[in-house]
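Working notes for the structure below.
We name chains A, B, ... by the order of the sequence lines, and we start the count at 1 in each one.
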Amino acid sequence: MILPPLRYLRPGSVGDAVHWLTHIDGAIVLAGGQTLVNALKLDLVAPTALVDIHRLDELRSIAVSPDRTLTIGAATTYAALAASTDVRLTAPSVASMAAGLVDRQVRNRGTIGGNVCLNDPTNNFPPLLVALGARFTVLGPEGTRTIDADDFFVGTMTTALGNGELLVSIEIPPLPRGARLVHRHLQVGADSWAMARAVVRIDDDNGVVVASRVVVGAVLGSPQRLRLVERALVGLPTGGDLDGAAAEAFDRESIETVGDVHCSADYRRQMSKVQLRRALRDLAKGTPS
Amino acid sequence: MTQPQDEMLPISVTVDGRLETGQVSSRTLLVHWLRDDLDKRGPKIGCDTGNCGACTIRWDGLLVKSCMVLAAQADDTRVETAASLAHDDGSLNDLQACFKEHHGLQCGYCTSGMLMTATDLLESGEEITEHSVRRGLKGNICRCTGYENIVRAVRAAAGHDVEKPHGAAEEVAS
Ligand SMILES: Cc1cc2nc3c(=O)[nH]c(=O)nc-3n(C[C@H](O)[C@H](O)[C@H](O)COP(=O)(O)OP(=O)(O)OC[C@H]3O[C@@H](n4cnc5c(N)ncnc54)[C@H](O)[C@@H]3O)c2cc1C
Ligand code: FES
Ligand code: FES
């Protein structure tokens, strides 16, 4: 038996889950368990109880509203996202990200809610959801609140979730007309951990960039918006030298990286730039997200 | 903070078609319950970190790594291990026979996991190509074979005409 002592609780509803999370000191959510169970084995976390949400149908729904906003339950697995026609049609980047995560087994268990609540710098979804301008609906002892992606991710492995709060769903607004998004990654192997990650979105109006979101992952404090790069792109013709403008602005950004077994901190920083430039070139070529 | 407590929970799980019941600690992993309490040796413990896939089973029809599931989570569900693959009389199914014929194993430690993942891939209806097999088996690590013969075995099971491994002897029924 290699896990530390803990209680296992399976709530029958989202309300019960929040009740336990609020009233049991040290209780935390168990979603897909694809990180949490391993963290427990290594004594990296020491909860008193696990509140298992993976069987709550309320948290596994996928819905599209008439204005094409996509709402995804927090416990929806990567496999379910990749297989959903609704997701493929309204947010193809979410479907392709899910389809390229880890492996068949992990895709059947890992959840989009667990991915963002963990907010590991190498995780796939945080930068993408920032670029998409997603909103996070959270239920806690004080009721429901909705948090913008920019405020949800507050730092390395940290989110805005407070004690007793449960992420219920993620809302992805439709991209405005003319907007395009590309995600690019340098991975250890196919479908594997990222050494560098960049997501670029440009909103085009009559051939001019009117807004942009440029987000890198796999850096300290991920996901990080590169505001200087974003500003450098706005106002340029969509078909212009976005790549050059972005490369110049990137060098003025303050980006902190760390080295690990896969690469040095400096390499990781350089590769962030390379992924960003490749994403912009993909956009110029009209490669779909 | 309150002192963490351990509890014993009753579970009943259909394993390889048979209903199994037991009492498990809230911190027992499914792979440990299957191996230690039920003596189901299909799922192996390789890495214990979710990387190697040796512990792969199907859980309510979904391919998962059983070292990242609590036994308590499996209450009232269905589990299939590699022991469910052979025919009722114990003879090998097509995929297993292809692993044998194409030398898709050496020490055999990864094999039951490989067979579970390959079964899932073959039944998924996805197109079977060299690339899709390699990608499909990404969650299963083999330290012996170099994968070449495993990929061939899976392709052969999908009906591809695959070259036999070096030195393979033809078995001819007389
Ligand atoms: C071999 C391997 C390789 C991997 N490689 C990658 C990779 O390349 N990229 C990647 O993105 N991920 C990777 N992962 C991690 C995987 O995607 C995890 O599934 C994910 O990070 C966490 O999701 P989960 O559903 O498993 O959450 P869990 O592990 O169950 O939970 C993670 C954390 O989030 C909290 N939590 C979960 N859901 C909620 C909720 N609804 N409300 C509040 N808190 C919640 C939990 O309390 C816990 O702290 C890998 C995992 C494995 C095993
Ligand atoms: S033992 Fe489960 S993945 Fe290696
Ligand atoms: S045959 Fe030995 S690990 Fe695969």
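- Listed here is the closest heavy atom pair of A:Ala196 and A:Ser272: CB-N, 3.7 Å.
- In terms of modelled atom types and a separation under 3.5 Å, the side chain of A:Asn115 and the main chain of A:Gly113 share no donor-acceptor contact.
- Of all the heavy atoms in A:Thr111 and A:Ala75, the pair that sits closest is CG2-O, 3.5 Å.
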### ring pair (Phe, Tyr, Trp, His ring centres under 6.0 Å) assessment of A:Phe125 paired with A:Phe153
CA-CA 11 Å; A:Phe125 277 108; A:Phe153 300 107; over 10 Å; no
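- When all heavy atoms of A:Pro121 and A:Thr156 are compared, the pair lying nearest together is CG-CG2, 3.5 Å.
- Applying the side chain to side chain contact (heavy atoms under 4.5 Å, CB included) test between A:Leu6 and each of A:Val45, A:Thr48, A:Ile28, A:Leu50 identifies A:Leu50 as the sole match.
- Counting heavy-atom pairs closer than 4.5 Å to chain B, the top residue among A:Val102, A:Leu40, A:Leu9 is A:Val102.
- Heavy-atom distances place the side chain of A:Leu30, and not its backbone, under 4.5 Å from chain B.
- Residue-level contacts of residues 8-15 of chain B with chain A, in order of numbering, are B:Leu9; threshold 4.5 Å between heavy atoms.
- Neither the backbone nor the side chain of B:Leu137 comes within contact range of chain A; no heavy atom of the residue lies under 4.5 Å from a heavy atom of that chain.
- Looking at B:Asp36, there are no atoms closer than 4.5 Å to chain A (heavy atoms on both sides), in backbone or side chain.
- The minimum heavy-atom distance linking B:Met68 with A:Gln34 is given by the pair CE-OE1, 2.9 Å.
- Under the salt bridge (Lys or Arg N to Asp or Glu O under 4.0 Å) rule, A:Asp191 has a single partner from B:Arg135, B:Lys138, B:Arg134, which is B:Arg135.
- When heavy atoms are compared at a cutoff of 4.5 Å, A:Asp52 approaches chain B solely by way of its side chain, counted from C-beta outward.
- For A:Arg104, the parts lying near chain B are the backbone and the side chain together; criterion is any non-hydrogen pair under 4.5 Å.
- The two residues A:Thr159 and A:Val116 have their closest heavy-atom pair at CG2-O, 3.4 Å.
- At a heavy-atom separation below 4.5 angstrom, chain A is approached by B:Thr56, B:Trp59, B:Leu62, B:Leu63, B:Val64, B:Lys65, B:Cys67 within residues 55-67 of chain B.
- There is no side-chain donor-acceptor pair under 3.5 Å between A:Asn38 and B:Thr49.
- Inspection of non-hydrogen atoms places B:Gly139, B:Asn140 of residues 139-154 of chain B under 4.5 Å from chain A.
- Between A:Arg268 and A:Asp260, at least one side-chain nitrogen of the basic residue sits less than 4.0 Å from a carboxylate oxygen of the acidic one, meeting the salt-bridge criterion.
- Between the CG atom in A:Leu3 and the OG1 atom in B:Thr28 there is a gap of 8.0 Å [rounded to 0.5 Å].
- For A:His185, the ring pair (Phe, Tyr, Trp, His ring centres under 6.0 Å) partners two or more places apart in sequence, or in a different chain, are A:His183.
- Shortest non-hydrogen contact noted between A:Gly140 and A:Val18 is C-CG1, 3.7 Å.
- For the 3.5 Å distance criterion, the side chains of B:Asp89 and B:Ser91 qualify, holding a donor opposite an acceptor.
- In this structure, the portions of A:Ser192 lying under 4.5 Å from any heavy atom of chain B include both its backbone and its side chain.
- Using a cutoff of 4.0 Å between basic side-chain nitrogens and carboxylate oxygens, B:Arg41 and B:Asp39 are scored as salt-bridged.
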